[in-house]
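Order of the sequence lines fixes the chain letters, A, B, ..., with proteins taken first and strands second; residue numbering starts at 1 for each chain.
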There are 2 protein chains.
Amino acid sequence: MSSSPQLSSQSPLTTGESEVIAIFVQMTQVLGVPRSLGEIYGLLFATPQPLSFQDIADRLKLSKGSVSQGLRFLRAVGAIKPVVIAGDRREFFEPETELRALVSGFLRERLNPQLESWGARAKALKIQDFVSDGMSQNPAIKSDELKTLSNRLDKLKTWQKRANTVLPVIGKLLG
Amino acid sequence: MSSSPQLSSQSPLTTGESEVIAIFVQMTQVLGVPRSLGEIYGLLFATPQPLSFQDIADRLKLSKGSVSQGLRFLRAVGAIKPVVIAGDRREFFEPETELRALVSGFLRERLNPQLESWGARAKALKIQDFVSDGMSQNPAIKSDELKTLSNRLDKLKTWQKRANTVLPVIGKLLG
DNA sequence: CATTCGGTTCAATTCAAAATGAACAAATTA
DNA sequence: TAATTTGTTCATTTTGAATTGAACCGAATG
């Protein structure tokens, strides 16, 4: 038995399935993630039964490599849930459909790590690094300009903290 | 006079400038926008004086085309502000540095339009489009599966409304 | 133990999006 | 009015990220 019982893995997509997939593919463009993620999640969303690895590859005509990587990402952000089916060695998947879980998973796994790295770099900035220290063929920075620059760097350093207070709230607002 | 007074347009970037630019380039990857946007905004952020079109192209070694398109986008989302300098035909630019303005501009110009289109498509979905209406070589959908599918489509249709209530709040939280 | 099954990894390829640069336009100056 | 400056547009090229596919691995099966 190579495919799910009662499920013809290589039948063409229905109109509805194609449309749901298209919607999620459209979202991938905004989120800046690969198109295949939208296809996989969309197919799972449009299918009441859990699907196996092979089901997904067959119906979407994606390579095993793409499906493997796609599922890994979707699992990492909590967008899909593994389903164990008794007496079947394969992994099955169904979609997480709570908006709150989807959004906060994405924020946690994608945005937060970047924010941290970004905040660390911002903190390391020194005014000193902005004066071109060549043989003074460059004009000295005026004091009001120095002030402006200093203000900007200070602002930059506060951004991470502010993001860290706001982001957790978003999840709650959606809950 | 082909460059800003007292500003050597093609001098190499200082350490500080390079680092600020790198930080904003890193952000572009999360946001899913072109790298050049981060370079342009980063340079403006790291420079106390307003810069002209040509200043930007020279210092970043970007083509005029890239700078033109980059400035258009940054203006559209309100990330930069035009500055008029008396007796100078050229346009100058300085960065918007309020996090609140930056975030809400981006949400308004990039996310909202997509959300709308996406909500419209979701609303148009009909359960009927998910039954494969071939010569019944496919199994009929069971009633509990129909229920699951119906629930999911309903959820999908509520997502846009929820996003529209939450997104405006984000700006205020950052203010 | 040999073979199939279910899935991962990663180097090579493909492809879409970004950058380029030449042609163009509009305003300015000589 | 010719020449210059400032910036836009858009067809082509470039490039980097996504996808592929073959090699690989461990677990199950005969």
Side-chain angles (χ1 to χ4, degrees), chain A residues 1-5 7 9 21-22 24-43 50-76 80 82-93 110 114, chain B residues 1-5 7 9 21 24-41 43 50-76 80 82-93 110 114:
Chain A
M1 179 188 320
S2 74
S3 77
S4 304
L7 215 83
S9 277
I21 290 169
F24 285 108
V25 166
Q26 193 182 347
M27 291 195 63
T28 63
Q29 272 134 27
V30 179
L31 298 177
V33 296
R35 163 188 194 89
S36 63
L37 294 182
E39 298 186 24
I40 295 171
Y41 182 82
L43 177 63
L51 295 181
S52 73
F53 186 103
Q54 197 61 51
D55 291 333
I56 295 167
D58 287 345
R59 300 211 74 204
L60 294 175
K61 286 167 181 150
L62 286 176
S63 67
K64 292 206 297 175
S66 286
V67 174
S68 180
Q69 293 177 185
L71 290 174
R72 179 199 304 182
F73 177 93
L74 290 172
R75 241 186 307 218
I80 63 177
V83 175
V84 174
I85 292 189
D88 198 318
R89 180 144 75 98
R90 296 170 294 169
E91 297 182 280
F92 287 79
F93 301 93
R110 295 285 285 186
Q114 293 290 334
Chain B
M1 178 189 319
S2 75
S3 76
S4 303
L7 216 83
S9 276
I21 290 170
F24 285 109
V25 165
Q26 193 180 348
M27 292 195 61
T28 64
Q29 271 134 27
V30 178
L31 298 177
V33 296
R35 163 188 193 88
S36 61
L37 295 183
E39 299 186 25
I40 295 172
Y41 182 82
L43 177 62
L51 294 181
S52 73
F53 185 103
Q54 196 61 51
D55 291 334
I56 295 167
D58 287 345
R59 299 211 75 202
L60 295 175
K61 287 172 180 144
L62 286 176
S63 68
K64 293 205 298 173
S66 287
V67 174
S68 181
Q69 293 176 185
L71 290 174
R72 180 198 305 182
F73 177 94
L74 291 172
R75 240 186 309 217
I80 61 178
V83 175
V84 174
I85 291 190
D88 199 318
R89 179 144 77 97
R90 297 169 294 170
E91 298 182 280
F92 287 79
F93 301 94
R110 296 284 286 186
Q114 293 289 333

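A/Asp55 places its CG atom 12 Å from the C1' atom of C/dG6, with the value rounded to the nearest Å. Atom CZ of B/Arg72 is separated from atom P of C/dA19 by 14 Å (rounded to the nearest Å). Distance, B/Ile80 CD1 to D/dG7 C1': 14 Å, rounded to whole Å. Rounding to whole angstrom units, CZ of residue A/Phe73 and C1' of D/dA17 are separated by 14 Å. Between the P atom of C/dG6 and the CG atom of A/Asp58 lies a distance of 11 Å, rounded to the nearest Å. At whole-Å resolution of the value, CG in B/Leu71 and P in D/dG7 are 9 Å apart. Residue B/Phe93 contributes atom CZ, which lies 13 Å from atom P of D/dT6 at whole-angstrom precision. Remark: P of D/dT9 and CZ of B/Phe53 are 11 Å apart, rounded to the nearest angstrom.
Taking all atoms of both residues into account, the shortest heavy-atom contact from A/Tyr41 to A/Leu74 is N-CD1, 4.1 Å. Across A/Phe53 and A/Lys64, no two heavy atoms sit closer than the pair CZ-O, 3.5 Å.
A heavy atom lying under 4.0 Å from DNA chain C marks none of the residues of residues 28-36 of chain A.
B/Ser68 is linked by a side-chain hydrogen bond (donor to acceptor under 3.5 Å, both in side chains) to nothing, counting only residues two or more places apart in sequence or in another chain. When the side-chain contact (heavy atoms from CB on, under 4.5 Å) test is applied to B/Glu91, the partners found at least two apart in sequence or on another chain are B/Arg75, B/Phe93.
Listed nucleotides D/dT8, C/dG6, C/dT8 differ in distance to A/Arg90; the shortest reach to its side chain belongs to C/dG6.
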Cut-off 3.5 Å, no hydrogens considered: what does the side-chain donor-acceptor table look like for residues 26-40 of chain B, sequence neighbours left out?
| from | atom 1 | to | atom 2 | distance (Å) |
| --- | --- | --- | --- | --- |
| B/Gln26 | OE1 | A/Arg121 | NH1 | 3.2 |
| B/Gln26 | NE2 | A/Gln114 | OE1 | 3.2 |
| B/Gln26 | NE2 | A/Ser117 | OG | 2.6 |
| B/Thr28 | OG1 | B/Val25 | O | 2.4 |
| B/Arg35 | NE | B/Glu39 | OE2 | 3.0 |

Tabulate protein N/O versus nucleotide N/O from nucleotides 20-22 of chain C, keeping only pairs under 3.5 Å, one per line.
| from | atom 1 | to | atom 2 | distance (Å) |
| --- | --- | --- | --- | --- |
| C/dT20 | OP2 | B/Ser63 | N | 3.0 |
| C/dT20 | OP2 | B/Ser63 | OG | 3.1 |
| C/dT20 | OP2 | B/Ser66 | OG | 3.0 |

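In this structure, CG on A/Leu43 lies 4.5 Å from CG on A/Leu60, to the nearest 0.5 angstrom. Interatomic distance, CG of B/Asp88 versus OG of B/Ser52, reported as 8.0 Å (0.5 Å rounding).
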Item checked: Protein-to-nucleotide contact annotation, 5' to 3' order, nucleotides 25-30 of chain C [B base; S sugar-phosphate only; - none; under 4.0 Å, heavy atom] -> --BS--
